[in-house]
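Order of appearance sets the numbers: ligands from 1, and atoms from 1 within every ligand. Residue numbers start at 1 and run along the sequence shown.
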Amino acid sequence: MKFHLNRYLLGLSMAIDCVESELLGVTSSHGRRVALISMQLARTMGLSEEQVFDIAAFSVLHDNGLAEENLTVGSSSRDRLRQVEDVPAHCEIGERNVAMFPFQSDVREIVLYHHEQWDGGGFFGKVGDAIPLMAQIISLVDYTDLKWRLGEPGADKAEAVYAFLNARRGRNFSPDLVEAFHQISASIAFWLDLRDPFLAGALKRTMPVFEIETDWQGILAISKVFSRIIDSKSRFTHSHSSGLEEKTAHMAAFFGADPETIIRLRIAAALHDVGKLAMPNAILDKPGKLDAAERAKMMEHTYYTRKCLEQIPELESITDWAANHHEKLNGDGYPLRLGAEQLDPWSRLMTVLDIYQALTEERPYRASLSHARTMEILRNLVTAGSVDPGLVRAVDRAFGSL
Ligand SMILES: [Fe+2]
Ligand SMILES: [Fe+2]
Ligand SMILES: [Fe+2]
Ligand SMILES: [Fe+2]
């Protein structure tokens, strides 16, 4: 089947952008803004349309390796971003995470080198044109957007940005790239396109369209890129999406689902918590019970999952399975408060397995639970009318003897 790679990338970029915007505290759409400017710079520097597409993907994904492991509690949001960005590990982890993405040109080490500087002052000491051009471009745009909040209006912003870039020409950035930035930013439209209300339209206009010929297996492979990013956000969920994916496939086979349905269910499981990228680590990793406000915030994550997947028409048939995993048969779930008649069997299965997977994982406030203890909790949920009794029995049979 034909698969529209742009829509897929832009759909999921919404959630990816939330990671950096959380760490930075203010700006939103950073990755997409980096994508828009980087594509224009890439064209000006004579890169092919395949490479222009790839630089958009790298821009969206450049900081996918950010995690809060190295943070000192209590520092300001700006310091916090600096601290995590100041660790070369986020480049190495990020590079590994994106390895399976179907880039259109033969490029590597762009995420790895996105903090290199022209004069060799970066993490890995690469100098000048030894740094891949795409990495040079992303570095310049990333740095400039973080410093100058290019999506926000401001008097004399262009002048300030030019002064900033000119001062770093030949030091942090290549002189040719600084020159190219002057060229692409000469119009008022360039600056307006960067603002949130106009950004999506500008991206659509600027990004070359790539449809790849693939099958569900191929879409699963791309989706695993994102499930790795989701799972690596918190050390407590490092195998949550992949674990759910395995259990879902196991149960679907147990119920005699055909191979294609099993793969589509795997994709739904891989992406079910993509909305968690928009949740603060302060909540995900809190070593205690969540308070009411934190619980309410947490409940937003499946709404974000739906919003992301809704932008990808090819995934329409799996969107409900992925986004309904916190809905309950008695209407007590979230975010839509659906009821039994609106929840198909695979959505119901995803709910039961998500609970099973989560309870058998360690959390900041408790150890992982045994199969027996997990089944006890699931049976209580059956009594409360929340989850499907037949599915809970089947899960007990399937995993009880493992
Ligand atoms: Fe970075
Ligand atoms: Fe960035
Ligand atoms: Fe969830
Ligand atoms: Fe989950």
Side-chain angles (χ1 to χ4, degrees), residues 15-17 19-21 23-24 30-31 34 38 58-68 70 80-95 97-98 110-117 122-124 135 137-147 226-227 229-231 233-234 236-248 268-279 283-284 290 295 297-306 308-309 321-328 333-336 347 349-361 363:
I16 300 243
D17 269 353
V19 179
E20 209 161 4
S21 83
L23 290 172
L24 188 59
H30 167 71
V34 173
S38 294
F58 283 122
S59 301
V60 165
L61 296 166
H62 72 277
D63 269 335
N64 79 78
L66 284 184
E68 294 213 355
N70 305 300
R80 285 151 43 120
L81 182 77
R82 199 138 295 149
Q83 281 182 42
V84 278
E85 282 255 69
D86 272 350
V87 180
H90 89 275
C91 303
E92 291 160 339
I93 296 167
E95 177 77 22
N97 283 348
V98 304
I110 308 303
V111 172
L112 183 64
Y113 292 139
H114 81 273
H115 280 282
E116 295 310 285
Q117 297 178 14
F123 291 146
F124 302 101
I137 293 174
I138 289 173
S139 163
L140 181 146
V141 182
D142 183 28
Y143 203 169
T144 308
D145 187 49
L146 284 179
K147 172 89 181 145
F226 291 91
S227 78
I229 297 170
I230 300 159
D231 284 357
K233 179 160 162 102
S234 163
F236 296 102
T237 56
H238 63 93
S239 57
H240 178 72
S241 306
S242 56
L244 181 66
E245 191 199 314
E246 289 312 317
K247 290 189 176 64
T248 303
L271 298 175
H272 81 288
D273 269 341
V274 69
K276 274 206 181 150
L277 291 174
M279 298 298 110
I283 297 181
L284 294 177
L290 301 185
R295 248 194 332 274
K297 179 75 194 162
M298 194 60 186
M299 285 181 180
E300 293 177 4
H301 81 274
T302 42
Y303 181 84
Y304 286 107
T305 294
R306 184 174 288 281
C308 288
L309 298 183
W321 298 340
N324 286 347
H325 69 271
H326 289 295
E327 299 292 349
K328 298 284 156 57
Y334 59 85
L336 292 168
S347 289
L349 176 66
M350 209 65 92
T351 302
V352 172
L353 289 177
D354 183 60
I355 296 168
Y356 187 94
Q357 179 66 31
L359 290 175
T360 51
E361 289 165 8
R363 285 295 176 268

Q | Minimum-distance pair of heavy atoms, taken over all atoms of V141 and V34 | A | CG1-CA, 3.7 Å
Q. What atom name does the N, O or S atom of D354 nearest to the Fe ion (ligand 4) carry?
A. OD1
Q. If you stand at the Fe ion (ligand 3) and look out to NE2 of H326 and NE2 of H301, what angle do those two lines make, to 10°?
A. 90°
Q) Of all the N, O or S atoms in H114, which one sits nearest to the Fe ion (ligand 1)? A) NE2
Q) Looking only at atom types and distance, does a side-chain atom of D231 sit under 3.5 Å from a main-chain N or O of S242, one as donor and one as acceptor? A) yes
Q) What closest approach, in Å, do V274 and A15 show between heavy atoms, and which atom pair accounts for it? A) O-CB, 3.6 Å
Q) Do you see an N/O/S atom of D273, backbone or side chain, under 2.8 Å from the Fe ion (ligand 3)? A) yes
Q | Vertex the Fe ion (ligand 4), rays to NE2 in H272 and NE2 in H240 - rounded to 10° | A | 90°
Q. Does T305 reach the main-chain N or O of A323 with its side chain, forming a donor-acceptor pair under 3.5 Å?
A. no
Q. Which atom, counting only N, O or S, brings H325 closest to the Fe ion (ligand 3)?
A. NE2
Q: Determine whether L61 and N97 make a side-chain contact, defined as any pair of heavy atoms from C-beta on separated by less than 4.5 Å.
A: no
Q: If you have a sec, read the angle at the Fe ion (ligand 1) from H115 atom NE2 over to H90 atom NE2, to 10 degrees.
A: 90°
Q. Sub-3.5 Å donor-acceptor pair from the side chain of E116 to the main-chain atoms of F123, do we have one?
A. yes
**Q.** Presence of N, O or S from D63 under 2.8 Å of the Fe ion (ligand 1)
**A.** yes
